[in-house]
Amino acid sequence: MAKLTYFSCFLFLFIISFFVQSSNAAYNVISFGAKPDGKSDATQAFLKAWASACNSATASTIYIPKGRFLLKATVFRGPCKNRITVQIDGTLMAPTDYSALGNSGYWILFIQVNRVAVYGGTLDAKELTGVTIKGSTIQTGDDCISIGPDTKNLLMSNIRCGPGHGVSIGSLGKELNEAGVQNVTLTDSVFTGSDNGVRIKSWARPSNGFVQHSFPKHCYEDVENPITIDQNYCPNNQGCPRQTSGVKISQVTYRNIRGTSGTPEAVTFDCSPSTPCRGIKLQDLKLTYMNRATTSSCKNIGGTSSGVLVPESCL
Ligand SMILES: *[C@@H]1O[C@H](CO)[C@@H](O)[C@H](O)[C@H]1NC(C)=O
């Protein structure tokens with residue numbers, strides 16, 4: 001079951017990616033009457049497109065083209081007959097007036113749906129508060145959840161991730177001017193067989209982006225690289241040779257994370273030499289490798305540690 005509720009202050013670029021599946025049927029919301037003008041209520045058109053996709057005996061895609069689509073409180077309910085891909089090229093807009101959502105407590109809700117993939121798009125939730133991803137099982141060839149620039153007040157809880165690349169903040173800092181990531185919480189989650197657990201990743205390029213107030217806690221991991229900060233992301237050494245990341249990472253607390261690591265080094269902090277990580281906290285970690293204690297490594301980082309720590313803290 002996947003339950004997604006969205007309440008946000010700004011734009012969210014928010015992507016959940018799954019294995020790419022070939023689809024047989026495509027449902028464009030425009031052909032169900034949605035208008036990409038940001039003013040006409042597109043809710044019924046989206047629900048009709050969903051009903052068609054949900055009843056389709058073959059895998060299907062719901063396509064949301066470029067443009068702005070006004071959506072009121074919307075429930076995409078399962079169970080559905082086959083796999084559904086939601087491809088968003090445009091922007092979904094919440095009503096400006098919060099009361100238009102009634103007392104539903106959500107804006108967009110996927111419920112009792114398995115095998116749904118949501119790609120791309122922008123969710124513009126106006127003046128509402130935060131995004132919640134709760135009780136979702138995510139199996140993918142990419143990040144289970146990828147958190148982009150300008151994400152605020154995101155709560156992820158009871159996530160089961162794997163296979164996949166874990167939960168990633170980033171890649172950030174590709175642009176010089178970039179909005180930051182603030183107040184991201186991941187709690188009560190399990191990672192199994194994923195490449196990474198919780199990861200923060202930034203390009204080795206100048207940027208004024210940032211990550212602050214993030215809290216992975218109460219997680220169980222059975223993964224290759226459980227805890228990583230990598231500020232030297234530069235695939236194929238293109239576009240960033242001999243540069244350093246300008247993204248400021250601060251006030252990130254890793255608390256009560258346990259499990260097994262696929263490598264002897266379970267905690268790797270490789271922060272930017274020009275913009276070191278600050279205020280990083282480690283509290284109560286127990287990560288082992290083949291029944292032995294793991295190690296941690298620190299570069300350009302400041303912070304504190306407390307509680308029982310396996311690996312020993314390098315902070
Ligand atoms: C942080 O986000 C949570 C939702 O995850 C929200 O309840 C809380 O109020 C936010 N904190 C601040 C200081 O904005």
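This chain uses plain numbering: 1 for the first residue, then up along the sequence. Indexing begins at 1, ligand by ligand and atom by atom, following the structure's order.
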Inset, instruction - Say whether, by atom type as modelled, one donor and one acceptor occur between the side chain of Asn208 and the main chain of Gly246 under 3.5 angstrom. - result: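 Answer holds: no.
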Legend entry - Donor-acceptor pair, side chain of Thr275 and main chain of Ser272, under 3.5 angstrom: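 No.
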Legend entry - Atoms in ligand 1 with a heavy atom of Asn153 nearer than 4.0 Å: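 This gives 1 (C), 2 (O), 10 (C), 14 (O) as the contact atoms.
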Inset, instruction - Using a distance threshold of 4.0 Å (strictly less than), state whether atom 9 (O) of ligand 1 has a protein heavy-atom neighbour. - result: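 No, because not a single protein heavy atom sits under 4.0 Å from atom 9 (O) of ligand 1.
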Inset, instruction - For His213, check side-chain contact (heavy atoms from CB on, under 4.5 Å) against everything at least two apart and list the hits. - result: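 His213: side-chain contact (heavy atoms from CB on, under 4.5 Å) contacts with Phe215, Gln251.
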Legend entry - With Thr304 via side-chain contact (heavy atoms from CB on, under 4.5 Å) - residues at least two apart: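 In terms of side-chain contact (heavy atoms from CB on, under 4.5 Å), with neighbours along the sequence ignored, Thr304 is linked to Lys281.
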Legend entry - Option of least heavy-atom distance to atom 1 (C) of ligand 1 (set: Asn183, Thr132, Thr185, Leu155):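 Nearest heavy atom to atom 1 (C) of ligand 1 lies in Asn183.
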